Amino acid sequence: MSIPTRSECLIIMDKVRMPDHIRKHSMMVAVVALYLGGLLNRNSSRLNLELLEAASLLHDIAKMESVESGGSHSELGARMLTDFGFLPLASIVEDHVTMDLVRVYGPINESVIVNYCDKRVKHDQMVTVKERFEDLTERYAKTEAHMRFMQEKYVLYMELERRIFEHLGISPNGEEVMNLSLEKAS
């Protein structure tokens with residue numbers, strides 16, 4: 001199983017000319033994912049923290065390309081990672097924008113954690129799921145149907161959040177989580 005190291009991920013970010021704002025977002029998603037992954041592993045989960053970090057750092061690898069081409073950044077990113085030979089990352093990157101009941105009530109795995117953490121980081125700042133969905137709805141929901149779709153996804157992410165935190169002994173919006181930052185992780 002080929003998983004790039006943090007250093008290799010940073011080189012890949014340079015290689016694909018990832019803009020600074022997307023790089024910072026991805027690095028913050030990794031901070032949150034590693035924090036939650038560590039807590040979950042102390043509570044009997046068996047998450048691969050190296051995979052979690054690499055997938056978090058590269059989850060938006062194709063974001064700018066998709067803006068320019070109009071394609072799905074998750075699908076383009078999965079294809080890029082497959083071409084680089086990082087198959088374990090490809091499916092996580094492809095799935096980081098989708099959520100349904102099967103994933104909400106399925107195993108809490110690396111893919112679900114990256115997906116959830118992406119919904120906790122607005123730009124490079126920790127926010128609540130509610131704040132993130134308000135921002136996403138404002139920026140992307142242009143029709144009534146899309147607004148309803150976003151509301152349905154919000155409900156799913158709130159249930160996923162409940163499942164992730166139910167055995168951790170901390171609040172998803174408590175000080176420990178909301179004070180995570182790039183500066184403190186350095």
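For the single chain, residues carry numbers from 1 onward in sequence order. In this text, all values refer to a predicted model and were calculated from it rather than measured experimentally.
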| field | Modelled atom types, side-chain donor and acceptor of E131 and T128, under 3.5 Å | value | yes
| Do any N or O atoms from the side chain of E8 and from the backbone of T5 form a donor-acceptor pair under 3.5 angstrom? | yes
| remark: For D20, the side chain to side chain contact (heavy atoms under 4.5 Å, CB included) test, sequence neighbours excluded, returns R23, K24
| request: Using side-chain hydrogen bond (donor to acceptor under 3.5 Å, both in side chains) as the criterion, list what pairs up with D118, not counting sequence neighbours. | output: H25, H59
| Out of L58, T82, V114, which one pairs with L89 under the side chain to side chain contact (heavy atoms under 4.5 Å, CB included) rule? | L58
| So do the side chains of V127 and V121 get within less than 4.5 Å of each other, counting heavy atoms only? | no
| message | Which residues pass the side-chain hydrogen bond (donor to acceptor under 3.5 Å, both in side chains) test with S111, not counting sequence neighbours? | response | R103
| When you measure from the side chain of R132 to the backbone N and O of M126, does any donor-acceptor pair fall under 3.5 Å? | no
| query | Got a sec, which residues hit ring-ring contact (aromatic ring centres under 6.0 Å, His included) with F165, two or more places apart in sequence or on another chain? | reply | none
| message | What's the separation between atom CD1 in I92 and atom CZ in F86, rounded to the nearest 0.5 Å? | response | 13.0 Å
| said: Does atom NZ (K142) have a neighbourhood of more than 12 heavy atoms from anything else shown, all under 6.0 Å? | reply: yes
| query | Taking only residues two or more places apart in sequence or in another chain, which ones pass ring-ring contact (aromatic ring centres under 6.0 Å, His included) with F84? | reply | none
| said: Please give me the minimum heavy-atom distance between N115 and D95, naming the atom from each residue. | reply: ND2-O, 3.0 Å
| task | List for me each residue that meets side chain to side chain contact (heavy atoms under 4.5 Å, CB included) alongside S44, sequence neighbours excluded, and say none if there are none. | result | none
| query | After noting the C-alpha distance and the side-chain angles of R139 and D135, does the key distance pass the salt bridge (charged side-chain N to carboxylate O under 4.0 Å, His left out) rule? | reply | CA-CA 6 Å; R139 284 196 287 157; D135 174 63; 2.8 Å; yes
| H123: partners by ring-ring contact (aromatic ring centres under 6.0 Å, His included), with sequence neighbours left out | none
| task | State which residues pass side-chain hydrogen bond (donor to acceptor under 3.5 Å, both in side chains) with E134; sequence neighbours excluded, sorted by chain then number. | result | K130
| query | Does H96 reach the main-chain N or O of V93 with its side chain, forming a donor-acceptor pair under 3.5 Å? | reply | yes
| query | Can you list the residues that meet the side chain to side chain contact (heavy atoms under 4.5 Å, CB included) rule with Y35, with sequence neighbours excluded? | reply | L39, I170, E176, V177, L180
| field | Under the side-chain hydrogen bond (donor to acceptor under 3.5 Å, both in side chains) test, residues paired with E161 that sit two or more places apart | value | Y116, R120
| task | Could you tell me which residues satisfy side chain to side chain contact (heavy atoms under 4.5 Å, CB included) with N179, sequence neighbours excluded, listed by chain and number? | result | E175, K184
| salt bridge (charged side-chain N to carboxylate O under 4.0 Å, His left out) against E144, all qualifying residues, sequence neighbours excluded | none
| request: For N48 and L51, indicate whether the former's side chain and the latter's backbone hold a donor-acceptor pair under 3.5 Å. | output: yes
